[in-house]
There are 2 protein chains.
Amino acid sequence: MTIYDISEKAGVSIATVSRVLNGSSNVSEKTKKKVLDVINQYEYTPNAFARGLGLNTMKTIGILCPDSSDLYLAKAIYYIERKLRANGYDSILCCSGYDLETKKSSLNLLITKKVDGIILVGSSYIYEKDTDNKYICDAALQVPVMLLNAALDAPNVYSVVSDDFTSMYEATLQMINSGVKDPLYFYNSTSYSGKKKLAGYRAAMESKKLLKSGNMLQLYQGSHEDVPAMAEHLSKLAAKGVIFHGVIASDDTMALGAMKYAKENGLRVPEDLAIIGYNNSMLTDCCDPGLSSIDNKLETLCQHLITTLMGVLNGTEMPKQTLFSGELIKRGTTLD
Amino acid sequence: MTIYDISEKAGVSIATVSRVLNGSSNVSEKTKKKVLDVINQYEYTPNAFARGLGLNTMKTIGILCPDSSDLYLAKAIYYIERKLRANGYDSILCCSGYDLETKKSSLNLLITKKVDGIILVGSSYIYEKDTDNKYICDAALQVPVMLLNAALDAPNVYSVVSDDFTSMYEATLQMINSGVKDPLYFYNSTSYSGKKKLAGYRAAMESKKLLKSGNMLQLYQGSHEDVPAMAEHLSKLAAKGVIFHGVIASDDTMALGAMKYAKENGLRVPEDLAIIGYNNSMLTDCCDPGLSSIDNKLETLCQHLITTLMGVLNGTEMPKQTLFSGELIKRGTTLD
DNA sequence: GCATTTTATGAAACTGCTTACATCGTTATT
DNA sequence: AATAACGATGTAAGCAGTTTCATAAAATGC
């Protein structure tokens, strides 16, 4: 069933059918009804490819993320997909892995598929070296590129970021003020937001003259979810004689590893060991006491990201970078 | 840059360029190289819409799932996306929610987008009443429909299922044999696999003459992730005088709720309370002791699903239904 | 009541690619 | 050497829409 069949059965030209289909004005009520009746009768839907060819868009946004099964990224993808669809767009999902080369090729694939815009989910897409970020600039030459929790100053690239520095700064300060003078900081990524978080911890510790370089520990290179590994790492540290009464982790999974360590070693949480996680994920409810964690308002970020993207696609001038503040959600693993 | 530009610059016809592009034979090495050079020089990529129109496919598979942020579904989506892409297909992701009407419209949307096939992720798409499943049969009239962890006997519908009945049967038996004569069963979904799991528990309990109707409890209608709610629910049961020394849950989240309950009430796990979860997710590592859980070989299921889909798309005869067995992974929450 | 504007409609060009068919030069067959 | 078969290439007809432009019809102005 094509537009020709419909036009024939309705006794009008294909142009008129097209106008009805696209809600164009300049169609009399009478013919409109006539055409609509035929369309409904035959359950006709216009061919998306032909439409795409004519309009040069299929109303599709590419979502690129390193690992869609990651708790936090999955949540982001979920919000993004829902909000895109509410705006009449579909999402094509592409998992790129953490490796630069596969990121590049995934990004190109999305462009080849003629998406209207691309959303890079997570901060792992931005590299230290500017030359490594060229692949994003190249993509932005074709379609607007949105960054979630990362920023890059380049034409046609827009960023929506949570203020990880301040969040971590304040969380660290809170822990210090609650009496913990030696909190360890654990991270596994040195990505855009990873660096900000680390800097926040560092700044807070420095402001209280408590910073020791050995207090900042990278568990993994890249991103991993491994609760037992974190517990084990802490055990080894303790065995080495490192003394600590607090753990601040750059994600909830590692914080849960600290919980496990505390449980295994008979430490009371938070009295003997205070713990703060990051992302305020469902994991915060998975332990006892509940895990205090920093909420970076993911849904708000995503909402804003989509709003911005829609604006850009409409040709509206939009802010190139937006920053939202996070918030420490206190549960049972922190002292007052 | 179009195929016309390339053909002109290479001094050949567009047909020849197209042949080179599609790796068709019957192009002399000389012209092939000539065309390829021009293509590379101008970084030409064929227009995907035009291609789609001509070939009537854009090599895209629709993935429908109720909630892509669900731990288990997110994992499934991840596997599926990766394997699809390894086969040269892209995925358009669509979150439908749990409501039948939105499922219907989401499914139609995918078909409108002219995907080559549709994968329904999770068992919530299959309903008790056959009339409620008609929307799937309708979709299957257009493109092959693959069901993950659900089955429907209909033309052009293929199912890949884990043997939840047996898994749950054996897990329940294991718990009984370990000495727990009164395990409670918790579920929140009466979907396809939800029913199988429940039946497995029921069969095992009946075989030992231990079944009591009050032992099977539905925490929520539909699917939810709520650890504290589960803990609270158990507290209330205990307060009412219900006696139980084991909990079998139809997902890990609820099992974790049982862990929380045990911890809050000073119960030893597994001595006072044995616990078995389902899905063998990362949550099993998030508590101490580690949660015993049923692994239903999700990656294997996904692999098989994609293999089947690819076969179907190639016109090969493929099995309409495949069943894989699961396995209880024993960690610390079960007795021997 | 005639000129002018507005509204409704259709014809045809256009989007960029695939492919069936035609053509032509070149080997292989007898 | 004539003919058949084949390989390489081009021509042109799809694919199924959108949209510009022309035109006819209706509504408005004076």
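Quick note on labels: first sequence line is chain A, next is B, and so on, each numbered from 1. Nothing here was measured: the structure is a model prediction, and the numbers come from that model.
In this entry the distance linking CG of N47(B) with P of dC15(D) reads 19 Å, nearest Å. Taking atom CG of N56(B) as the reference point, atom C1' of dA16(D) lies 10 Å away to the nearest angstrom. Protein atom NZ of K113(B) is 15 Å distant from nucleotide atom C1' of dG17(D), rounded to whole Å. Across the protein-nucleic acid pair, K30(A) atom NZ and dA8(C) atom P stand 11 Å apart, rounded to whole Å. Between the CE atom of M1(A) and the P atom of dA16(D) there is a distance of 12 Å, given to the nearest Å. E8(A) has its CD atom 13 Å from the P atom of dG10(C), to the nearest Å. Per the geometry, CG belonging to L55(A) stands 10 Å off C1' belonging to dT19(D), to the nearest Å. I14(B) places its CD1 atom 12 Å from the P atom of dT19(C), with the value rounded to the nearest Å.
Backbone-only contact: T16(A) has heavy atoms under 4.0 Å from sugar-phosphate atoms and none from a base. Looking at heavy-atom distances under 4.0 Å, V17(B) makes no contact with the nucleic acid at all. If you check every strand for non-hydrogen atoms under 4.0 Å, Y4(B) touches a base. At a threshold of 4.0 angstrom between heavy atoms, the contacts of L21(B) with the nucleic acid are absent.
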Can you check side-chain hydrogen bond (donor to acceptor under 3.5 Å, both in side chains) on N56(A) and R51(A), steps first, answer last?
CA-CA 8 Å; N56(A) 201 31; R51(A) 205 135 199 244; over 6 Å; no
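Between the R85(A) side chain and the C95(B) main chain, a donor and an acceptor come within less than 3.5 Å of each other. Using a distance-only test at 3.5 Å, with no hydrogens or angles considered, a donor-acceptor pair links the side chain of T60(B) to the main chain of M58(B). Listed for the S91(B) side chain is no donor-acceptor partner under 3.5 Å among the backbone atoms of L93(B).
Of the two residues contacting DNA chain D, namely A50(B) and G11(B), the nearest-nucleotide position lying further toward the 5' end is that of G11(B). Where I3(B) and R19(A) meet DNA chain C, the nucleotide closest to each residue was compared, and R19(A) sits on the side nearer the 5' end. Summary of the strand contacts: L53(B) and A15(B) both lie near DNA chain C, and taking for each the nucleotide with the nearest heavy atom, the more 5' one is attributed to L53(B).
For the pair N22(B) and dT18(C), the criterion of a side-chain N or O lying under 4.0 Å from OP1 or OP2 is met. Checking the phosphate oxygens (OP1, OP2) of dA16(D), no side-chain nitrogen or oxygen of Y44(A) falls inside 4.0 Å. Remark: N26(B) is in phosphate contact with dA8(D), judged by side-chain N or O atoms under 4.0 Å from OP1 or OP2.
Across dT9(D), dG10(D), dG17(D), the shortest atom-to-atom separation from the side chain of S13(B) is found for dG10(D). With distances taken from any side-chain atom of S28(A) to the nucleotides dA8(C), dA16(D), dT9(D), the minimum falls on dA8(C).
Looking only at side-chain heavy atoms (C-beta outward), L309(B) and P144(B) come within less than 4.5 Å of each other.
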